[in-house]
Structures are given as structure tokens and as C-alpha cells.
Amino acid sequence: MRFTSHGISFEYDDVGNGIPLLMIHGFPLDRSVWRSQIEGLQSVARVIAPDLRGFGQSGDAPETMTMDDYAADLKALLDALSLARAVVCGLSMGGYVALAFLARYPGAVKGLILANTRAAADSDQAREARYANASKAYDGGVPSIAEAMLPKMLTEATLDHRPTLRTYVYAMIARQPPGGVAAALRGMAARPDRSEWIKSINVPTLIITGSADTLIPAAESEAMARAIPGSKLVVIPGVAHLSNIENPDAFNAAVKEFVGKLR
Ligand code: MLT
């Protein structure tokens with residue numbers, strides 16, 4: 001489906017019935033990262049999965065997309081669908097956006113799911129790397145970014161023994177438009193440190209990660225779980241950054257249990 005408003009345009013899936021579940025993809029991906037969730041969760045929720053602006057089949061992004069910019073797009077989508085509240089689930093960069101969404105629109109969040117993400121801001125070194133990668137993206141470098149990111153997204157076992165999954169993730173990254181990739185990199189570099197702020201989160205929160213995530217180590221999720229009052233942590237054994245893809249059954253089971261309690 002297509003959402004268009006005030007020059008903003010993006011594609012989204014909207015399937016299933018029940019509690020609205022807004023699924024925010026990570027970087028540099030698109031909504032197809034959620035295919036196993038769209039299939040596996042639509043019996044318990046209304047799954048709404050957009051391509052963030054600049055990614056997938058969405059419209060062009062400006063030079064920088066801050067996490068607040070993405071959050072504002074998503075709020076406009078929920079408004080257009082007449083949905084006052086949703087469970088907001090973000091994976092990695094999607095988690096940064098989910099936190100920005102909660103900070104801006106607390107009344108619109110029924111529950112929060114933070115998958116393979118962190119509350120902290122970038123270090124100076126990470127920020128420099130983001131700017132370098134933003135330039136690289138424009139110089140035809142998205143496929144090389146895909147090559148560099150693949151070993152951080154999936155475990156070695158998956159890369160070696162599940163070629164279809166490997167190709168699927170590589171192709172997803174490699175096809176992303178340079179402008180969208182660069183805009184997200186600049187936006188992530190500018191995101192605030194929310195390590196203290198998350199202590200004030202007062203909506204039900206589920207944190208999911210993979211024990212073998214090297215991009216955002218499980219220790220970061222454990223720290224968030226300690227900081228967010230009443231939150232629940234699920235560490236899926238033997239999976240890396242894209243925990244929802246490497247073990248969709250475990251990921252979906254955790255989400256189903258969480259959503260079931262919110263109904
Ligand atoms: C992601 O998976 O969304 C990104 O790699 C997160 C990041 O670069 O901080």
C-alpha cells in the first residue's frame with residue numbers, strides 16, 4: 001500500500017487483525033526484512049510494516065533523516081490509518097526510531113519492542129565512520145557496504161550453510177538507494193544518547209537480541225533491560241544481528257507472548 005502526504009511518500013504492508021503492531025526496519029534494509037513476522041504474526045496482530053523514507057519502495061529522502069524525522073513519518077501513517085495507539089517494534093536503527101517515536105508521541109505507544117538495538121549514541125569514531133560511509137554510498141558503494149555488513153548481520157554458520165538467506169540479505173542491502181542510505185547514516189550519527197532517558201519509560205517493553213550479535217552486543221540489550229522498569233529480555237541463542245530472520249520462530253514466539261499480554 002502507498003502512503004502519500006505533504007510530499008512524503010512510502011510503501012507499507014498492512015496485514016492481519018488485532019492490536020496494531022508497527023514494525024520498523026533497520027539499516028540499510030527495507031520492510032522485506034519482516035517477511036517472516038508478517039507471515040507469522042498476522043494471526044495475533046495487525047502488522048504494519050513501512051519502508052522508511054529513502055529505503056525500499058519509498059520516496060526520496062532529504063540529505064539527512066533524523067530519527068525524529070522517521071518517527072514523524074510513522075506518526076503521520078498511524079494518523080492516516082486512524083490508529084491512536086500501536087505496539088511499536090524496531091530492529092536496530094528501527095529501535096533508535098522507536099525510542100524517538102516514544103519520546104515524541106508517548107500517548108501513541110501501547111507497548112515497545114526493542115530488537116538488536118541500543119540506547120547509547122555513537123562514539124566520535126563511529127560518527128566519523130558514518131560520514132565516510134555516507135560519501136561511499138554516493139560513489140556507487142552500496143554493494144560494498146552490503147559486503148562489509150553481511151558478516152555482522154548473520155552468523156558465520158548462516159553465511160556458510162544458508163545461501164538463500166545470505167543472498168536475500170545481501171540483495172536487500174545492495175539495492176537500497178544511495179540517497180536513503182546516506183541520509184540514514186547522517187541521521188544515526190546525530191541521534192541523542194538515550195541511556196538515561198530510557199529509565200523513565202513506562203510502557204510495557206520487550207527487548208530481544210541474539211547471543212551472537214556482534215554489531216550491537218547482547219550486553220547493550222542487557223543494559224537496556226536493567227534500565228527500563230519492568231522490561232522483559234529475551235536472548236535468542238546462536239543468532240546474530242538479524243535475530244528475526246535467523247530464528248523467526250523464537251522471535252515471533254517472544255512477540256506473540258508479549259502482545260498477548262497487552263490485549
Ligand atoms: C542497523 O542494523 O540498523 C544498523 O546497523 C545500526 C547501526 O548502524 O547503528
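For this chain, numbers begin at 1 and follow the sequence in order. Only heavy atoms go into these numbers, but all of them, side chains included; no hydrogens, no water, no symmetry mates. Whatever order the structure lists them in is the order used to number ligands and atoms, beginning at 1.
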Item to complete: State, with a plain yes or no, whether a side-chain heavy atom of Val181 is found less than 4.5 Å away from one of Ile173.
Response: no
Discussion item. According to ring pair (Phe, Tyr, Trp, His ring centres under 6.0 Å), does anything in residues 98-134 pair up with another residue at least two apart or in another chain? List the pairs.
Written reply: Phe101-Tyr105
Discussion item. Ring of Trp197, cation from Arg194 - is the NZ or CZ under 6.0 Å from the centre and inside 45° of the axis?
Written reply: yes
Can you give me every donor-acceptor pair (side chain of residues 76-100, partner residue at least two apart or in another chain, under 3.5 Å) with its distance?
from: Asp79; atom 1: OD1; to: Lys75; atom 2: NZ; distance (Å): 2.8
from: Asp79; atom 1: OD2; to: Lys75; atom 2: NZ; distance (Å): 3.4
from: Ser92; atom 1: OG; to: His241; atom 2: NE2; distance (Å): 2.8

Worksheet item: With a 4.5 Å heavy-atom cut-off, do Phe251 and Val239 have their side chains touching?
Response: no
Worksheet item: Measuring from each atom of ligand 1, which residues have a heavy atom under 4.0 Å away?
Response: Gly26, Phe27, Ser92, Met93, Tyr96, Arg130, Met149, Met188, Leu215, His241
Item to complete: Would you list the pairs meeting ring pair (Phe, Tyr, Trp, His ring centres under 6.0 Å) in which at least one residue belongs to residues 147-169, sequence neighbours left out?
Response: none
